[in-house]
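Contents: one structure, followed by commentary.
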Amino acid sequence: MPARPRRYWLVKSEPELYALGDLERDRRTAWEGVRNYQARNSMKDDMAPGELVLFYHSNAEPTGVVGLAKVASAAHADETQFDPESDYYERGATRADPRWMCVDLAFVERFAKVVTLAELKADPELDGMLVTRRGMRLSVQPVELGHFRRVLALARARTKLPK
DNA sequence: GCCAACGTTGGC
DNA sequence: GCCAACGTTGGC
């Protein structure tokens, strides 16, 4: 049976709520609180352990891709839906019939420099990348391999220092 | 803080 | 099933 091709992803997070630095400290976390069906379906149906994830800071200064994470579990129920104290509580969701699913993410690396949204938008090789689309709010989104590689190249480019 | 873009809700 | 109203996301 042929292995299915590896996929690449981008997740958004507001650093005031959960920054890449928090993931670095925690090493691994359940990607809870996603309440959008398209994003949920990506986690439930399409993400596989080991796949790489661009970690993007939204509502930040600057906004952009700040590092890399990887998928660290199969999909499982998002526990916050069962907690009446949680902002993400979902009335009627049960463990037998959960509505919201998530995966665990693990820290991989922090980029030496942020690849800003402005850079992403300005790069012709990234034409069509979802995160650059105006009004694109999807918080878990697929990334084409070519775009993924290009973002890594931008992250690893170094300014030439004068002699 | 503004507001455009989008997703969801609910009246009909 | 339509669609207006509303709430949220997220860039700027």
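Order of the sequence lines sets the chain letters (A, B, ...), proteins ahead of strands, with each chain counted from 1. Side chains are part of it too, since the values below use all heavy atoms of this structure and drop only hydrogens, waters and symmetry mates.
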Can you list everything that forms a ring-ring contact (aromatic ring centres under 6.0 Å, His included) with A/Tyr88? Sequence neighbours excluded, please. none
Apply side-chain contact (heavy atoms from CB on, under 4.5 Å) to A/Arg7 and list each qualifying residue two or more places apart in sequence or on a separate chain.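 Partners of A/Arg7 under the side-chain contact (heavy atoms from CB on, under 4.5 Å) test: A/Arg4, A/Trp9, A/Asp46, A/Glu51.
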A/Leu130 CG to B/dA5 C1': how many Å, rounded?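 Rounded to the whole Å, the gap is 15 Å.
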Contacts table for residues 56-74 of chain A: side-chain donor-acceptor under 3.5 angstrom, sequence neighbours left out:
from, atom 1, to, atom 2, distance (Å)
A/His57, NE2, A/Leu20, N, 3.0
A/Asn59, ND2, A/Glu14, OE2, 3.3
A/Ser73, OG, A/Asp104, N, 2.8

Find every protein N or O atom lying less than 3.5 Å from an N or O atom of nucleotides 6-12 of chain C, and list the pairs.
from, atom 1, to, atom 2, distance (Å)
C/dT8, O2, A/Arg137, NH1, 2.4
C/dG10, OP1, A/Lys12, NZ, 3.0
C/dG10, OP1, A/Arg137, O, 2.5
C/dG11, OP1, A/Tyr56, OH, 2.7
C/dG11, OP2, A/Asn59, N, 3.0
C/dG11, N7, A/Asn59, OD1, 3.4
C/dC12, OP1, A/Lys121, NZ, 2.9

Just list the side-chain donor-acceptor pairs under 3.5 Å for residues 115-123 of chain A, sequence neighbours left out, or say none.
from, atom 1, to, atom 2, distance (Å)
A/Thr116, OG1, A/Glu119, N, 3.1
A/Thr116, OG1, A/Glu119, OE2, 3.4
A/Glu119, OE1, A/Lys113, NZ, 3.4
A/Glu119, OE2, A/Thr116, N, 3.1
A/Asp123, OD1, A/Glu125, N, 2.7
A/Asp123, OD2, A/Arg150, NE, 2.8
A/Asp123, OD2, A/Arg150, NH2, 2.9

Residues clustered with A/Leu138, ILVMFWY side-chain links under 4.5 angstrom: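 Direct or chained contacts put A/Leu138 with A/Leu130, A/Met136.
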